Amino acid sequence: AKPSAEPSIKALHKLGVEVKVVTGDNDIVAKKICHDVGIPINTIMLGDELEHMTDDELCKDMDLYSVFAKVSPLQKQRIEKY
């Protein structure tokens, strides 16, 4: 992670902004980066799981997840809607 990431994340948290991670990287890499920059990990959703969810389910459950890993570009667009 860039050196500016951790202070930026802390500043966002102080403002009450919840930071979520959406990445094509695997969950192991995503957990490491979150740990390094201070993003709490609630639950991780993988792209394979997302593929089986309806848009209504995703919208309803969005707050449960802090990390979306191994997602495709199309899945990223779907996540961004909510």
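None of the values given here were measured: they were computed from a predicted structure. Numbers here are sequence positions counted from 1.
- V21 and Y82 fall into different hydrophobic clusters, where Ile, Leu, Val, Met, Phe, Trp and Tyr side chains are chained together by heavy-atom contacts under 4.5 Å.
- Among residues two or more places apart in sequence or in another chain, the side chain to side chain contact (heavy atoms under 4.5 Å, CB included) test is passed with V22 by F68, V71, K76, I79.
- The ring pair (Phe, Tyr, Trp, His ring centres under 6.0 Å) contacts involving residues 7-46 comprise nothing, where partners must be two or more places apart or lie in separate chains.
- Taking every heavy atom of both residues into account, N42 and S66 meet most closely at N-OG, 2.7 Å.
- Under the 4.5 Å side-chain heavy-atom criterion for grouping Ile, Leu, Val, Met, Phe, Trp and Tyr, L64 is not connected to V67 through any hydrophobic cluster.
- Under a 3.5 Å cut-off, the side chain of K20 and the backbone N or O of M62 do form a donor-acceptor pair.
- Sorted by first and then second residue, the salt bridge (charged side-chain N to carboxylate O under 4.0 Å, His left out) pairs with a member in residues 61-74 form an empty list; sequence neighbours excluded.
- Pairing each heavy atom of S4 with each of S8, the nearest pair is O-OG, 2.8 Å.
- Summarising the geometry, atom CG belonging to N26 is positioned 13.5 Å from atom NZ belonging to K32; distances are rounded to the nearest 0.5 Å.
- R78 contributes no side-chain N or O that, together with a main-chain N or O of L58, makes up a donor-acceptor pair within less than 3.5 Å.
- We find the CG-CD1 distance between D25 and I33 to be 7.5 Å, quoted to the nearest 0.5 Å.
- With sequence neighbours excluded, the residues that form a side chain to side chain contact (heavy atoms under 4.5 Å, CB included) with L12 are V17, V19.
- Summarising the geometry of H52 relative to E57, their closest heavy-atom pair is O-OE1, 4.0 Å, with the distance given to 0.1 Å.
- A single hydrophobic cluster is seen to contain both L15 and I9, as judged by linkage of ILVMFWY side chains at heavy-atom distances under 4.5 Å, directly or through other members.
- No more than 12 heavy-atom neighbours from other residues, nucleotides or ligands sit within 6.0 angstrom of NZ on K2.
- Take T43 and apply the side chain to side chain contact (heavy atoms under 4.5 Å, CB included) test, not counting sequence neighbours, and it matches Y65.
- Looking at residues two or more places apart in sequence or on another chain, you find no side-chain hydrogen bond (donor to acceptor under 3.5 Å, both in side chains) involving E6.
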